[in-house]
Amino acid sequence: MNTIIFRTIAPFLVAIMVVFSVFVLLRGHNEPGGGFIGGLIAASAIAIYGIAAGVSEVRKALKIDPLAIAGFGLFIAGLAGLLSLGAEAPFLTGLWTYFEIGNAKVALSSVLIFDIGVYLVVLGTISAIALALEENEEGE
Amino acid sequence: MEFALAALVGLFFATAIYLLLSKAVIRMLLGIAILGNAVNLLIFTAGRLTREIPPIVPQGQKQLIEPFANPLPQALILTAIVIGFALFTFLLVLGYRAYQELDADDTDTMRIAEPENAPRPPLSY
Amino acid sequence: MAPSLDFTIALIPIAPFLAAFLAPWVHKFTGQYAGWILAIIPASVFVYLLNFIQLIASGSFVSTALEWVPSYGLNFSFFLDGLSLTFALLISGIGTIIVIYSGKYLKGHKHQGRFLAFILMFMGSMLGLVLADNMVVLFIFWELTSITSFLLIGFDHARQASRRAAIQALVVTGGGGLALLVGVILLQQVLGVWELSALRNYGQILQEQAIFPVILILFILAAFTKSAQFPFHFWLPNAMEAPTPVSAFLHSATMVKAGVYLLARMNPVLGANEIWTITLVAFGSITLLWGATWALRQSDMKQMLAQTTVASLGLLVILIGIGTDIAIAAMVIYLIAHALYKATLFLVAGIIDHGTGTREITELGGMMKLMPLTFIVAAVAAISMAGFPPAVGFFAKEEMYLALAQMEWHTIAVLIVLILGNAMMLVVGAAIAIKPFFGGLKATSIKPHDGSLALIIGPVIFGVAALSAGVFVKEFGDIFISPTASAIYNLEVENHLKWYLGMFLKPIILLSVLTWVIGGLLFWKFDEVRKILRRVDESFKWDFDIGFDWLMFGLIRFADKVTRIWHHGRLEIYMIVVFISLGVASILPLILTNSLPPVPDMPDLTFYEWGVFVMAVAGLVSVLLAKTRLVAIVSLGIQGFAVALIFLLFGAPDLAFTQFMVETLTVVILALVMTRLYLDKRDRRRFEDILRDGGLAVICGVGLMVLLMAVLQTPIDLRLSEFFAATSVPIAHGHNIVNVILVDYRGLDTFGEIAVVMAAGVSILALIRIRAGGPQTGIGAPKKSARKNITRKTTTRKKPAVKKQVSKAVAAKVATKVAVRAKAVEKNVSQKSAKTKAASKAKVVSKTKTVSKAKVASKPKTASKPKVAGKVKTKGKTKAKKGVAK
């Protein structure tokens, strides 16, 4: 697997996949996509990068421990739920606000924050597992 | 067409169960992976099938007009796939570590928790 | 008469629990004075209860209720009538003394705070039991007394005898409690009433029901187990394993009297019929004679007293069984008299034990001058026990003989039983009051001395109470006996107790004289009688105590056998059981209800749908047949992608994408792990196993298929889906309904699910990273700084062979290191104090242990290593032991 071609194109492939995953995440509320799928795509990207460039390289690039990313995701998902308590609505009730930027109408919602949380949990957990297994592979 | 899918679900289950009944850990793992798919397909089929019309409201419309695919089982299955994957990975690593530590991949020889000649319970207070 | 409402009586059972909660802290800060301080609570309960005497004596009662489970008509209700008041006064009064006494008796015990808490909890349970109005509340407090007495009896839990006695008491009394629960529920089903206070007028109606004997037996069973009636008597003498204050409390006014209380309380409802009378009198008589006889056999003072308690309980049960107004009045007098003298005698036994170091009556003598106060109180108690005037015990005996003063053969038989029982109990009382104090002084391990104030105050108060109750018997009768007996008898019971000269001239006094004469004769030949009884006892090979062991061990053996059958430890059989159940559960109901789906027509699939189906089937088949890892992984991927395509074809793009990603990741991860796993080329199943497993798999597959087809025949309820489809855009501002369901409608589920995913991730990492044997061993992931280190270390383990050698070398090194260290430590410590010695030794041992254990776990294959490790361990241990011994 560790061919020169793979190693060369891997960074580009990974970059494209990560951007695509964010795209999938953000459009998820209206088109097919969402936090689960986006997270899985991003995790695959990181797994591929790990195979191509080695785990320590990935860890250096990530800067943050993947499990910490997952934990952060769970945290903001919970926080998004708690936001509704401020509006005196039950836990996890969706809140929506709209911004006008130029001509475009941009929606911002607690639901989106929740979905980002899902994305981060899936991304963090699965890439943590994949990296740990790859590390193991390299190790022995 | 639902019946064709029902038959396929049956086949998925049969394969999964046959693999699970094997004593080799690795075959059981394959069985678990297939079992997950079998259950997902079962839920999917039980929620009725609709060809090619996803439950997505077209832009500019307020409501979805029939017919459309049942969104409820889809939401259930979506999380089930991810959780099933997490479970599968966990079992995979567990099997792998068990193989490493016990040097065994046959469930008949993995008897640390329930050893063949477990000591009798003490007859005292 | 209408009850007066007063919610404060509900606080009475709660107060001791609050005190129990504080007890450990009180003990921590006040030490030996904790007993005095904590006694304030029961004492104030006692004083508070005194307020009600006037009211209760006038025939009224007090009640209160808190709503509990309104849908079942259950209230948390309490009430106070004559019977409750007498019991509550005894419990709180004696309880106060016991708390003070234990403050001194267990002085310096490291768990004294805990002990005081237990005693107070027990007191609260007991108060709740006698004050409960609702029968369910009664049951709860009933079981609470079982549990708290378990804690008290097993207080000295380091001794096996204590543990056994505690378990025995719990099993017997707790088991009886279950009978009570069933009885209570049946009673409520028949009469529709939960309240005891309302129950008393339903006796007639209840006794006409066919189910009445069952209810009666259940209540009697509960009472007999709690009050240690034959054949459940054996737990009570064993409960003597508890510290003396506990015995005094449990055996005088509480625990064992709970059964008597229940019988007395239920007398208006369940009493006055043949089964009741015959059962109670017969078993009471056996218990009385049994207890009294074996009391004479004992030489340990506590054991003697315990056996007489059994006898007294039998006597009380007889009197309730007789059930006439005089018998009930006699029972109440005897109850109070017994509580006072029995508590005194137990406390005296404790003081003697405390003061001399022994409770063996044969080893004591001549302490009159050394323990004068103790002697006086013991003598007063013994007078009351023997029924001499002017103590209150005299009236108890007079009344019970009076109740049976009819010239019929069965009353005479019971009378003889009572006289014999009383005579033998007299001997025990006399023995404890006389033997230790008269005769020549015998040497004891501790120089005999009187108890201090905290120890002696209780017996003095009880003695004064017993005497004054006897002297002022008219007032005593008016205040206590008459209201209590009326509550039990359910009709007004007049008090006729008073002193007059004529009472000594009535023929009934002759029965008392007869009792004293027989008692005197037995006391004269006390040692001989004991020897004979001891010989009789030893000739029995079997008793109820051994029977209990037999029962318990039988239960354990039975459980062991059942466990061995069901938990055989063979995974494939567990799974066969599961899948047989699955197959049966999926097909059988369809066959039984004759709802098998019709055979379908050829499905109308398009050619590409057929293509996907064929792909799925091909994937499944090749997984089944795979001989190499690569084939297995690839074919697993094929069936997964086929599933994704099915999702895509039937309008589920989200699922299809997710499935694609998951299958890809599965293949990647499988490829990473599989290289390390071993896949046998052949399926190692024998032919018959293949047939069995294949058959089972086909049955389950067909079953689920048929089930699914049957489900597809039924109409589907789409209301929820339609609701989502209709409201997704207007309410939730989302066009992708699946995503809206996930993050909005069912957001809480998703939140739980991502938490599960994360938890799975953490456990997987833990599984991968925690290795036995490496220095990186620890819970959780290593720190960032350490991570590089680990990778480097793991890289050194290129081949298993190398690894073996490396770890061998490491083990050897560790062994020598530990040995050296242990020596060094030994040298060090020999100069230091013994305390630090033991501590540092322990450290070394624990270190060696973990290291050597880890090593063993890392490679079970190599035989030499565990040996080395084991040696290290034992070496370290023996050395540590030596160090401690020094």
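None of these values were measured; they are calculated from a predicted model. Every chain is numbered from 1 and lettered A, B, ... according to where its sequence line falls, protein lines coming before strand lines. Side-chain atoms are counted along with the backbone in the values below, which use heavy atoms only and exclude waters and symmetry mates.
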Identify the heavy atoms of A132(A) and I768(C) that sit nearest to each other, and give their distance.
->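 Looks like CB-CD1, 3.7 Å.
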
Taking all atoms of both residues into account, what is the closest heavy-atom pair of I37(A) and F657(C), and its distance?
->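 It is CG2-CB, 3.8 Å.
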
To the closest 0.5 Å, what do you measure between [atom1] ([X]) and [atom2] ([Y])?
X	Y	atom1	atom2	result
L40(A)	E663(C)	CG	CD	11.0 Å
S110(A)	D744(C)	OG	CG	7.5 Å
I69(A)	M758(C)	CD1	CE	10.5 Å
T658(C)	I41(A)	OG1	CD1	8.5 Å

With a 4.5 Å cut-off on heavy-atom pairs, point out which of G34(A), S44(A), G94(A) contacts chain C the most.
->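 Ranked by heavy-atom pairs under 4.5 Å with chain C, first place is S44(A).
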
Top residue by heavy-atom pair count (under 4.5 Å) with chain C, among D115(A), L112(A), V122(A)?
->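 If we count pairs closer than 4.5 Å to chain C, D115(A) comes out on top.
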
Name, in order of residue number, those residues of residues 72-81 of chain A that have a heavy atom at a distance of less than 4.5 Å from a heavy atom in chain C; otherwise write 'none'.
->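 Listed by number: L74(A), A77(A), G78(A).
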
So which bits of residues 16-30 of chain A come within less than 4.5 Å of chain C, counting non-hydrogen atoms only?
->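 When heavy atoms of chain C are the reference, residues 16-30 of chain A contributes G28(A), H29(A), N30(A) within the under-4.5 Å range.
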
Is there a side-chain contact between F36(A) and I754(C), using heavy atoms and a 4.5 Å cut-off?
->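 Heavy-atom side-chain distance check passes, below 4.5 Å.
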
Between the side chain of D654(C) and the main-chain N/O of G33(A), is any donor-acceptor distance below 3.5 Å?
->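 Confirmed, D654(C) side chain pairs with G33(A) backbone.
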
Ring geometry between F751(C) and F91(A) (parallel below 30°, tilted from 30 to 60°, perpendicular above 60°) =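 Ring orientation of F91(A) relative to F751(C): perpendicular.
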
Would you mind telling me which of L670(C), V673(C), L765(C) makes a side chain to side chain contact (heavy atoms under 4.5 Å, CB included) with L133(A)?
->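 Result: among L670(C), V673(C), L765(C), V673(C) is the only option passing the side chain to side chain contact (heavy atoms under 4.5 Å, CB included) with L133(A).
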
